[in-house]
Amino acid sequence: MSGKPQTPAIEGWYTMTSSPHLIGTRCRSCSTYFFPKQTHYCRNPECESTEFDEVELSRRGHIWSYTNACYKPPAPFVAAEPFVPYAIAAVQLEQEQMVILGQVVEGVSVEQLKVGMPVELVLEPLHETDDDIKVTWKWQPVAL
């Protein structure tokens with residue numbers, strides 16, 4: 001790996017720590033969680049609040065559903081060349097009970113995934129620029 005600094009592919013969506021978290025918001029009135037962050041109005045139809053607290057979301061959850069991506073995504077996403085299909089998982093977070101869609105770590109295929117499988121959030125390089133290495137969050141199966 002090069003000596004370039006690692007920077008987030010999407011600024012403000014996740015922490016850049018050894019135990020990363022997605023950064024979301026929680027409505028101050030109804031306690032509904034949102035990711036990405038919600039700042040204008042609560043999307044809960046039973047709530048009219050416009051006040052939110054920024055929160056770190058659970059790092060762990062269980063696979064709710066999964067699929068594979070066999071096509072190269074459009075810009076602004078930067079895909080590896082040559083493009084290699086990858087797995088995507090919809091993960092229900094432990095505490096918030098909300099579902100977050102994300103890529104599964106490199107080397108794990110859909111054949112290795114199961115609904116209900118425990119996973120945790122990790123950071124993995126997405127692509128390298130002249131100045132830095134862009135990293136993004138991915139889901140990694142947890143060994144029980």
Side-chain angles (χ1 to χ4, degrees), residues 1-28 30-45 47 49 51-144:
M1 182 183 271
S2 73
K4 294 179 183 179
Q6 292 191 349
T7 60
I10 305 173
E11 192 68 46
W13 280 33
Y14 43 92
T15 63
M16 292 288 293
T17 61
S18 60
S19 296
H21 291 265
L22 295 173
I23 302 170
T25 50
R26 182 177 53 225
C27 175
R28 287 186 183 172
C30 71
S31 297
T32 300
Y33 290 95
F34 298 99
F35 178 80
K37 294 183 248 182
Q38 180 68 16
T39 57
H40 302 298
Y41 62 91
C42 185
R43 293 181 296 201
N44 177 346
C47 183
S49 178
E51 295 184 5
F52 302 89
D53 292 315
E54 187 174 287
V55 294
E56 291 183 354
L57 302 174
S58 300
R59 293 191 66 235
R60 290 190 172 211
H62 291 84
I63 293 179
W64 181 76
S65 185
Y66 59 91
T67 191
N68 59 349
C70 292
Y71 60 91
K72 185 177 178 179
F77 187 87
V78 179
E81 289 294 341
F83 174 73
V84 177
Y86 55 89
I88 298 172
V91 174
Q92 185 171 15
L93 300 182
E94 280 182 350
Q95 178 182 334
E96 299 83 0
Q97 296 298 300
M98 65 189 294
V99 176
I100 304 285
L101 189 66
Q103 193 171 336
V104 177
V105 294
E106 210 173 297
V108 175
S109 67
V110 292
E111 292 79 23
Q112 297 168 281
L113 301 176
K114 292 185 173 136
V115 169
M117 175 183 277
V119 293
E120 69 180 349
L121 191 84
V122 297
L123 298 179
E124 196 169 77
L126 182 62
H127 67 94
E128 192 170 329
T129 70
D130 291 339
D131 302 321
D132 57 12
I133 299 169
K134 300 292 186 187
V135 296
T136 192
W137 86 86
K138 293 187 181 180
W139 298 112
Q140 177 173 290
V142 175
L144 296 176

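For the single chain, residues carry numbers from 1 onward in sequence order. What you are looking at is a predicted structure, and each value in this text was computed from that prediction instead of being measured.
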On a heavy-atom basis, which atom in [X] and which in [Y] lie closest, and how many Å separate them?
X	Y	result
Tyr33	Leu57	CD2-CD2, 3.9 Å
Trp13	Trp137	CE3-CZ3, 3.8 Å
Gln6	Met16	O-CE, 3.8 Å
Met117	Pro141	SD-CB, 3.9 Å
Phe34	Cys42	CZ-SG, 3.8 Å
Val142	Arg60	CG1-NH1, 3.5 Å

Side chain [X], main chain [Y], donor-acceptor under 3.5 Å:
X	Y	result
Tyr66	Leu113	yes
Lys4	Thr129	yes
Ser58	Gln95	yes

Roughly how far, to the nearest 0.5 Å, is the [atom2] atom of [Y] from the [atom1] atom of [X]?
X	Y	atom1	atom2	result
Thr17	Glu56	OG1	CD	7.0 Å
Lys138	Ile88	NZ	CD1	11.0 Å
Leu121	His21	CG	NE2	8.5 Å
Arg26	Phe52	CZ	CZ	12.0 Å
Thr7	Asp132	OG1	CG	3.5 Å
Leu126	Glu128	CG	CD	11.5 Å

Less than 4.5 Å apart, any side-chain heavy atom of [X] and any of [Y]?
X	Y	answer
Cys27	Asn44	no
Pro125	Ile133	yes
Gln140	Val108	no
Lys37	Ile23	yes

Quiz item: Which of these, Met98, Gln97, His62, sits in a side-chain contact (heavy atoms from CB on, under 4.5 Å) with Gln92?
Solution: Gln97
Quiz item: For Glu94, does the CD atom sit with more than 12 other heavy atoms under 6.0 Å from it, leaving out its own atoms?
Solution: yes
Quiz item: Counting only heavy atoms not in Phe83, do more than 12 fall under 6.0 Å of its CZ?
Solution: yes
Quiz item: Is there a donor in the side chain of Glu111 and an acceptor in the side chain of Ser109, or the other way round, less than 3.5 Å apart?
Solution: yes
Practice problem: I would like to know whether Ile100 and Trp139 meet side-chain contact (heavy atoms from CB on, under 4.5 Å); could you show each step before the answer? | Solution: CA-CA 10 Å; Ile100 304 285; Trp139 298 112; 4.0 Å; yes
Practice problem: Show your reasoning for whether side-chain contact (heavy atoms from CB on, under 4.5 Å) applies to Lys114 and Ile63. | Solution: CA-CA 7 Å; Lys114 292 185 173 136; Ile63 293 179; over 6 Å; no
